[in-house]
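For reference, the structure discussed in these notes is given below.
The first residue of the sequence shown is numbered 1, and numbering continues consecutively from there.
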Amino acid sequence: MRIVDFYEYDLDRIISEIRNRKARKVLLQLPNGVKRFSYEIVDEILRKLGNSIVTIDVDANPLYGSCIIDEDLTSRYDLIIHLGHEPYPYWRAPSNVVFIDLISKAKVSKDLLETLINILKRKGLKSTALLTVQQHKNIINYISSYLKSKGIYVVNNPLVITGCWFANITKYLDCIDALITIAGGLFHAIGVGLHVGISKEVIVLDPYSNAVKDVTMDIRKVFKIRLWKLRRATYSRNWLIVTGSSGQYRPYIIEELKKYLRAKGMRYYIAHSRYTTIDTLRNIDNELIDTIVITSCPRLAIEDLSSYEKPVLTPGEALYVLGARNDYTYPW
């Protein structure tokens, strides 16, 4: 299997960027899940360049979004070719990073869209907002047009979302019945559901598995787990704030947390981590700490660290517990 069997990318633009910037040292970044295709892309670029002056290395670090770019590593290169993500709205990447679309070749059939429409109509969901991820933005206009032709009201121009950025979808909530997420799996749909406070039905159209699923109940199960963790955190006196780096370093959130912790008379500590895992927590945790707040990627608390024996919260959840928010807030 080759990457061209599944995705399209603009090789000509990559070549143009290398030549225009007179780059000699290039770093190739691909998202987790498609890193194994890195070497064929390297070979294709070098073959197209037709010379051996340029060297291209592969970034093997975790890369779940454009927020987690390692600035120490990128500073060693003339050019970074970053495939599969759009620029992160909350942070400006280094100027030598170029973002290149990695567009899925997965298509949606009319039968699949009819299944979606049947679910919407059966539930009486007449107006929707459409969301997608970078890989599927090539098909979302077709999906929108098809839904409209079948009497489903789509309130927005299609929006591209990430794991923690939802393009102001809350402004549409008063005039929609459901949110439709075009993406693989449940990851993005769960984020959408938590972001809107489980106030709307959420349906996933998955081009990879060629399936449609109403995931509202799945999201509500996650929400109940989060509420249980918040309840446990209300009894906490000693807090640990774990920060991130680069696009995941959020000093304004850290300062807000510190302000409310001080106001409540809480004791807190701050630990810095480039990439936080459950092993990271076990290394820095002890019996003094009651609750941990991850200020880097909010999805770490939701998925990766959900099974940790102490409450591990997103910043928005922590601020809710501390009384700085009136409602459940995800992510900030």
Can you tell me if T162 uses its side chain to pair, donor with acceptor, with the backbone of C164 under 3.5 Å? yes

Examine distances only and state if a side-chain atom of N20 and a backbone atom of S16 form a donor-acceptor pair shorter than 3.5 Å. yes

For residues I219 and Y172: do they belong to one hydrophobic cluster (side chain heavy atoms under 4.5 Å, members Ile, Leu, Val, Met, Phe, Trp, Tyr)? yes

Any idea how Y320 and Y328 line up, ring-wise: parallel (<30°), tilted (30 to 60°), or perpendicular (>60°)? perpendicular

In terms of ring plane angle, is the pair H82 and H85 parallel, tilted or perpendicular, where the classes change at 30° and 60°? tilted

Side chain of T128, backbone of A178: donor and acceptor closer than 3.5 Å? no

CA sep, side-chain torsions, deciding dist, call: W332, Y90, side chain to side chain contact (heavy atoms under 4.5 Å, CB included): CA-CA 12 Å; W332 322 120; Y90 299 135; 3.5 Å; yes

Is there a path of hydrophobic side-chain contacts, each under 4.5 Å between heavy atoms, that joins Y142 and I203? yes

Compare all side-chain heavy atoms of R299 with those of I302 and state whether any distance is below 4.5 angstrom. yes

State, with a plain yes or no, whether a side-chain heavy atom of Y146 is found less than 4.5 Å away from one of V108. no

Is there side-chain contact between E201 and D177, with heavy atoms separated by less than 4.5 Å? no

Before you tell me yes or no, could you show the steps for C175 and Y153 under side chain to side chain contact (heavy atoms under 4.5 Å, CB included), namely the whole-Å CA-CA distance, both residues' side-chain angles and the distance that decides it to 0.1 Å? CA-CA 10 Å; C175 54; Y153 179 54; 5.7 Å; no

Has K25 got a side-chain atom pairing as donor or acceptor with R76's backbone, closer than 3.5 angstrom? yes

Is L11 reachable from V54 through a run of I, L, V, M, F, W or Y residues, each pair having side-chain heavy atoms under 4.5 Å apart? yes

Side-chain contact test, heavy atoms from C-beta onward, threshold under 4.5 Å: evaluate it for L113 versus L205 and give yes or no. yes

Hey, is the main chain of S306 close enough, under 3.5 Å, to the side chain of K229 for a donor-acceptor pair? yes

So, R226 and E317, do they make that salt bridge, N to O below 4.0 Å? yes

Would you check if the distance from the ring center of Y208 to the ring center of H136 is below 6.0 Å? yes

Which distance, rounded to the nearest 0.5 Å, do you find between the CD1 of I56 and the CG of L28? 7.5 Å

Can you establish whether the number of heavy atoms outside K107 located under 6.0 Å from its atom NZ is more than 12? yes

Give the cluster check for L83 versus L27: same hydrophobic cluster or not, with ILVMFWY residues linked at side-chain heavy-atom distances below 4.5 Å. no

List the atom of P89, the atom of W165, and the distance in Å for their closest heavy-atom pair. CG-CD2, 3.4 Å

Is it possible for you to say whether F99 and Y64 belong to one hydrophobic cluster, with membership spreading through side-chain heavy-atom contacts below 4.5 Å? no

Flag side-chain contact, heavy atom, 4.5 Å: L230 against L313: yes

Looking at R2 and E44, what are the two nearest heavy atoms and their distance? NH2-OE1, 4.5 Å

I'd like to check H195 versus T170 (side-chain heavy atoms, cut-off strictly below 4.5 Å). Are they in contact? yes

Which atom of I139 lies closest to which atom of P207, heavy atoms considered: CD1-CG, 4.1 Å

Give a yes or no on whether the backbone of G84 and the side-chain of Q135 come within a donor-acceptor separation of less than 3.5 Å. yes

In short, W239 meets A233 closest at the heavy-atom pair CZ2-O, 3.9 Å

Answer yes or no: is there a donor N or O on one side and an acceptor on the other, between the side chain of D290 and the main chain of R237, under 3.5 Å? yes

Can you name the nearest heavy-atom pair linking P62 to I68, along with the distance? O-CG2, 3.8 Å

Flag yes if more than 12 heavy atoms outside N157 fall under 6.0 Å of its CG atom; otherwise flag no. no

Does a side-chain heavy-atom distance below 4.5 Å link V26 with D78? no

For residues V34 and L30, report the shortest heavy-atom separation together with the two atoms involved. O-CD2, 3.2 Å

Cationic N near anionic O, under 4.0 Å, R274 to D70: yes

Show the numbers, then the answer: is there a salt bridge (Lys or Arg N to Asp or Glu O under 4.0 Å) between E40 and R47? CA-CA 10 Å; E40 68 181 75; R47 189 160 42 246; over 6 Å; no

Identify whether NZ of Lys or CZ of Arg in K105 sits under 6.0 Å from the centre of the six-membered ring of F6 and within 45° of that ring's axis. no

Under a 4.0 Å N-O cut-off, is there an ion pair linking E256 with R325? yes

Check whether any side-chain N or O of T181 sits under 3.5 Å from a backbone N or O of V204 as a donor-acceptor pair, and report yes or no. no

Crowding at CZ, R231 (>12 non-hydrogen neighbours, <6.0 Å): no

Inter-residue atom distance T115.OG1 - L120.CG, 0.5 Å rounding: 11.0 Å

If we ignore hydrogens and angles and just use 3.5 Å, is the side chain of K200 paired with the main-chain N or O of I176 as donor and acceptor? yes

Is it the case that over 12 heavy atoms from other parts of the model lie below 6.0 angstrom from the CG atom of N326? no

Steps toward side chain to side chain donor-acceptor pair (under 3.5 Å) verdict (T216, D214): CA-CA 6 Å; T216 306; D214 184 337; 2.7 Å; yes

Please determine whether the number of non-hydrogen atoms from other residues, nucleotides or ligands lying under 6.0 Å from atom NZ of K221 exceeds 12. no

Decide if atom CZ of R267 counts as having more than 12 heavy atoms of other residues, nucleotides or ligands within a radius under 6.0 Å. no

Working note: T276 + L305, criterion side chain to side chain contact (heavy atoms under 4.5 Å, CB included); need CA distance, chi angles, decisive distance, verdict. CA-CA 9 Å; T276 303; L305 307 173; 4.3 Å; yes

For the pair K259 and E255, find out whether any cationic side-chain nitrogen is under 4.0 Å from an anionic carboxylate oxygen. no

Can a donor-acceptor pair be found, under 3.5 Å and without considering hydrogens, that links the side chain of T132 to the backbone of I182? yes

Should L147 and I180 be marked as a side chain to side chain contact (heavy atoms under 4.5 Å, CB included) after you check the CA-CA gap, both sets of side-chain angles, and the distance that decides it? CA-CA 11 Å; L147 293 179; I180 299 172; 4.0 Å; yes

Which distance, rounded to the nearest 0.5 Å, do you find between the NE2 of H272 and the CD1 of I241? 10.0 Å

Just checking, any donor-acceptor pair under 3.5 angstrom between side chains of D111 and S109? no

Would you say the side-chain atoms of Y275 and N61 include a donor-acceptor pair closer than 3.5 Å? no

Identified side chain to side chain contact (heavy atoms under 4.5 Å, CB included) counterpart of V242 within the set I284, V293, T295: I284

Side-chain contact, heavy-atom cut-off 4.5 Å: K258 with I270? yes

